[in-house]
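I have placed the structure first, in the form of structure tokens, so that the comments after it can refer back to it.
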Amino acid sequence: MSQTRLLSVLVENKPGVLQRVASMIRRRGFNIDSLSVGPTEDETVSRMTIAVHVGRQQAEQATKQLAKLIDVITIDDITGMRNVAHELLLVRMHTPPDRRPEIFDLVEVFRGRVVDVASNTSIIELTGSTEKVDNFIELMRPYGIKEMARSGAVALVRGEQARIRLVDFDVAARAEREPAAVTGAAGDTTGTV
Amino acid sequence: MIETAAVTPLSEVASRRLTGAQIALETLVQEGVDTIFGYPGGANLWLYRWLPAYPQLRHVLVRHEQGGAHAADGYARSKRGAVGVVFATSGPGALNLVTGLATAYMDSVPVVAITGQVPSTAIGTDSFQESDVIGSTMSVVKHSYLITSVDDVAPVIREAFHVARTGRPGPVLIDFPKDLQAAATEHVRDDTPVRLRSYLAPPPPDSAKLRRVAQLIRDARRPVILAGRGVIIAQAEEELIELAHLASIPVGWTLLGTGAFPLQDPLALQMVGFMGAGYTNKAVCDADLLIMVGMRCDDRVTTRLDSFAPRVEHLVHIDIDPAEIGKNVVPHVSLVSDAGAALRALIPLVEPKREHEWLTQIDQWREEHPVRYMRRNGLLQPQEVLEAMYARCNDEAIVLADVGQNQIWAALWFNYARPGTFINSGGTGTMGYAFPASMGVKLANPSKTVFCVTGEGGFVMNMQEMATMVENDIDVTVVILNNASLGMVRQFQDDFYDGVRSAVDLTFTPDFVKLGEAFGMKAMTTGRLEDVGPMLDAAVAHRGPVLLNFDIDPEANVYPIVPLGKGMLDFVEAS
């Protein structure tokens, strides 16, 4: 059964890494729902958050094939974990003066923000889960969406500990990194990634 | 500025001002390279400017970059620990490497390709002979680098060799802009081991799983081992033999695993799969425990996936690449490990045993389904040529095969008793591979007899390398099995495409004797069995490259074969 899996991937911050990741995903026939990439606390490292629509065995293949790329440092399948996964939505709404209060009230309910107002349109900003953003868009549609831009999800797992740490060639750190294993229900396809 | 001072040997001097090209060549020497296959052009001329200053680097001028890539691949496959190196210029030169890189990638061969690129300031302007080589090769290399600073030249090359030769080996491409070949910097040789935080050696095999495998071996009634090229790469043939003997487990192999286990061993099966021996397929299909070591288990092994090993109760998969595990078949127990490390750790846990009934059954299948061919119409059979050729091979001789019928005949009709003695393009199935690759093999193994088995179709695809072979006096005997058609395609058309022969007739081929002689090769031809032996004797006695054309039965087919879309047990045998 296909589902959207959320992969949090730390990669070397080097030119061409995005193409390597995208190229591998295309070549292996996986479908990307969204992919976002940006800097991390370490300037040599970027974090990619990839939402990929795949079946279970495919998800494992996608993870392992990603892990094989030399510029991929660590990969963490955080699907179903307690995570914060947020998207950013910017939408330009048709907001003639007489409809503004009604629309802006809804923005308030969704904890969005009005970031630009012109005579007949406004830009609204909203962040949140994919589901929340989807719901907001559905609600806005009847009022007249002029255009919109939507980022892919970026995500971190909740709690005290960082999920994955960079390897510093220290044995302890290495041992900690190893259990990132995937075991298929039908058998043992375990591999360190 | 170009440094024009004479090059001193790798010296006591800690730091010297060198150009990017010099640093690259010094680093190749540092990595143990002694042979480079290459072709110069506008964007790599600084490398060639400095090449003569490094006489320890033998440069072989190929006649087409594809030939260079295959030669580097052959060099690496046939010399343990070696990395094949190929040079090409930008644009068309680099793009001509693509098939060769793909071939090395699919078969896990360590090759480093260094391509010239237009000056870094011109990249992206569609300047003369510019192409996006990194982008064009991305899916057929293990990794690739664009050099962006002359200070990166040595670190990038060292990293490239590290990536190419470790883990699951593979080709690595370095794109080297012309201006950075010319730029100078202070160079200090660095001998510290390369370490990458994103590329770690696999951990030792899991001990609990090893115990589980040992227990499965103890409990199995019908065990079978299948060995792939991973066993040969890991140099784990002794361990494989030891394990097989310890628990009396029959061993079969993949096309690329040929040579991993000696055929004359009583426990030997044969090649498995699509064109494997019937008795190997029967054993795999009846096995209750199947241990796959160092192999991908692709569709040429499994045939129709649901027909593969249907009675197996426990499937064990050992491979160094985690992505190969569970990709095609889902094992019950998996070990991500170098084949040698896994087998060495497993052997002490395995108890001696012998399943007499199972071995008797396998002996019976071996008798019922021998690998055989039929003599027909007084026409020369390819196997007759190969048998005569193999009679002139010792254990050490190396045989290359191209792709198609010649490949399967060459694989099945000889006892490759040692690893690395049979070399062919298994994964990509690259026609035209064997002939240029054989140059690399012979240069890496000057004391060994090297035969290159090919068809008249595949030979012509890279026949320009005859010039390279003659120029460098590379002593290879080329055996063309000439059936005046694209034989494997013709066989498929006859059997699986309604018998319509379409675009397979190669009656119009060159006169191979005249062709060979035009290039300066000794060349001979025959279609008669009685000439085969004397011709081969003359070829072996001759020092230097020889081209032998054998006109064989044009209707000779490959058997056994599993018809397309059918299962492992549906193999059709020679009759």
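Convention: sequence-line order gives letters A, B, ...; per-chain numbering from 1. What's counted below: heavy atoms across the whole structure, side chains too, no hydrogens, waters or symmetry copies. Because the structure is predicted, anything quoted here is derived from the model rather than measured.
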Only residue of B:Asp152, B:Ile114, B:Val163 satisfying side chain to side chain contact (heavy atoms under 4.5 Å, CB included) with B:Tyr145 is B:Val163

Fill in: Heavy-atom check, side chain of A:Ile124 versus side chain of A:Ile103, under 4.5 Å
yes

Answer yes when A:Arg150 and A:Asp134 have at least one side-chain N-carboxylate O distance shorter than 4.0 Å, and no when they do not.
yes

Per-residue tally against chain B (heavy atom, under 4.5 Å) across A:Met24, A:Glu12, A:Arg26 peaks at A:Glu12

Cut-off 4.5 Å, heavy atoms of chain A, and the answer for B:Asp321 is side chain

Comparing A:Gln58, A:Gln61, A:Gln65, A:Arg27 against chain B, the one with the most heavy-atom pairs below 4.5 Å turns out to be A:Gln61

The interface call for B:Ser144 against chain A, heavy-atom contacts under 4.5 Å, is both

- Query: Given the side-chain rings of B:His162 and B:Tyr199, with only the six-membered ring counted for Trp, is the space between their centroids under 6.0 Å?
  - Reply: yes

